[in-house]
Amino acid sequence: AQSVTQPDIHITVSEGASLELRCNYSYGATPYLFWYVQSPGQGLQLLLKYFSGDTLVQGIKGFEAEFKRSQSSFNLRKPSVHWSDAAEYFCAVGRDYKLSFGAGTTVTVRA
Amino acid sequence: GAVVSQHPSWVICKSGTSVKIECRSLDFQATTMFWYRQFPKQSLMLMATSNEGSKATYEQGVEKDKFLINHASLTLSTLTVTSAHPEDSSFYICSAPRIGQVGEQYFGPGTRLTVT
């Protein structure tokens, strides 16, 4: 069975500080891996994805994520957080478009 | 970019009534769409896959008679919650895969259903 764990329910970070969101997964084979961001009133927006190849992937809005097969992890990072990064972040895994999502991490940015 | 819309964005209905939620792909065709349910502070749970021209396929544990899905055209899928009860109150989200872009989906903004 596939599952996704986001250990941090809520993270508060100061504007300009770095951010790391954790994601661990369980899957039968190497899945496709995604990070989405959800803002109120808007649909989930894809930040980045990993299918194969270079394990460090760059996404939009200055985000990056690193796939570590040995740790079954796909952690999301941003070097310097902006107030507009406050949102809900979801890690998702799957193939053939059928995705399993983690429970999400709420990011609060303080001035 | 690709846009998926949902209508309505929120709806309140009484127990026992039915409510229909629409999902439209605005600038591309989608032979397949997905319906998710999201409880507060929880992850999205895939409910069903909507297939244009054929029956929807439901995930285990999802009542197909309660959640009726119709994929009427290449740009429209509807989810009807029949005989709604308060426990059906939730946030319903649809998505559509972009053909040719492996694994990518475009998500609608969601519909908040409250059953009183």
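As a basis for the values below, the full set of heavy atoms in this structure was taken, side chains included, without hydrogen atoms, waters or symmetry mates. So you know, we letter chains A, B, ... as the sequences are listed, proteins then strands, and number each from 1.
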Nearest-0.5 Å distance that lies between atom [atom1] in [X] and atom [atom2] in [Y]:
X        : Y         : atom1 : atom2 : value
Tyr36(A) : Leu44(B)  : OH    : CG    : 10.0 Å
Gln38(A) : Ile93(B)  : CD    : CD1   : 5.0 Å
Gln45(A) : Tyr106(B) : CD    : OH    : 10.5 Å

If you take all heavy atoms of [X] and [Y], which pair is closest and at what distance?
X         : Y         : result
Gly102(A) : Ser43(B)  : O-CB, 2.6 Å
Lys98(A)  : Gln105(B) : N-NE2, 4.5 Å
Gln42(B)  : Phe90(A)  : O-CE2, 4.0 Å

Is the shortest side-chain heavy-atom distance between [X] and [Y] below 4.5 Å?
X         : Y        : value
Phe101(A) : Met45(B) : no
Leu99(A)  : Leu46(B) : no
Leu44(A)  : Gln38(B) : no

Does atom [atom1] of [X] have more than 12 heavy-atom neighbours from other groups under 6.0 Å away?
X        : atom1 : answer
Ile60(A) : CD1   : yes
Lys20(B) : NZ    : no
His10(A) : NE2   : yes

Same apolar cluster (I L V M F W Y, side chains within < 4.5 Å links), [X]/[Y]:
X         : Y        : result
Tyr32(A)  : Phe63(A) : no
Phe34(B)  : Leu76(B) : no
Ile11(A)  : Leu47(A) : yes
Leu113(B) : Leu79(B) : yes
Leu46(A)  : Leu19(A) : no

message: For Ser39(A), which atoms come within 4.5 Å of any heavy atom of chain B: side chain, backbone, both, or neither?
response: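 No part of Ser39(A) comes within 4.5 Å of chain B.
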
message: Using heavy-atom distances under 4.5 Å, tell me whether Glu104(B) contacts chain A through its side chain, its backbone, both, or neither.
response: both

message: Can you tell me which portion of Tyr36(B) sits under 4.5 Å from chain A's heavy atoms? Options are side chain, backbone, both or neither.
response: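 Side chain of Tyr36(B) only, per the 4.5 Å heavy-atom cut-off to chain A.
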
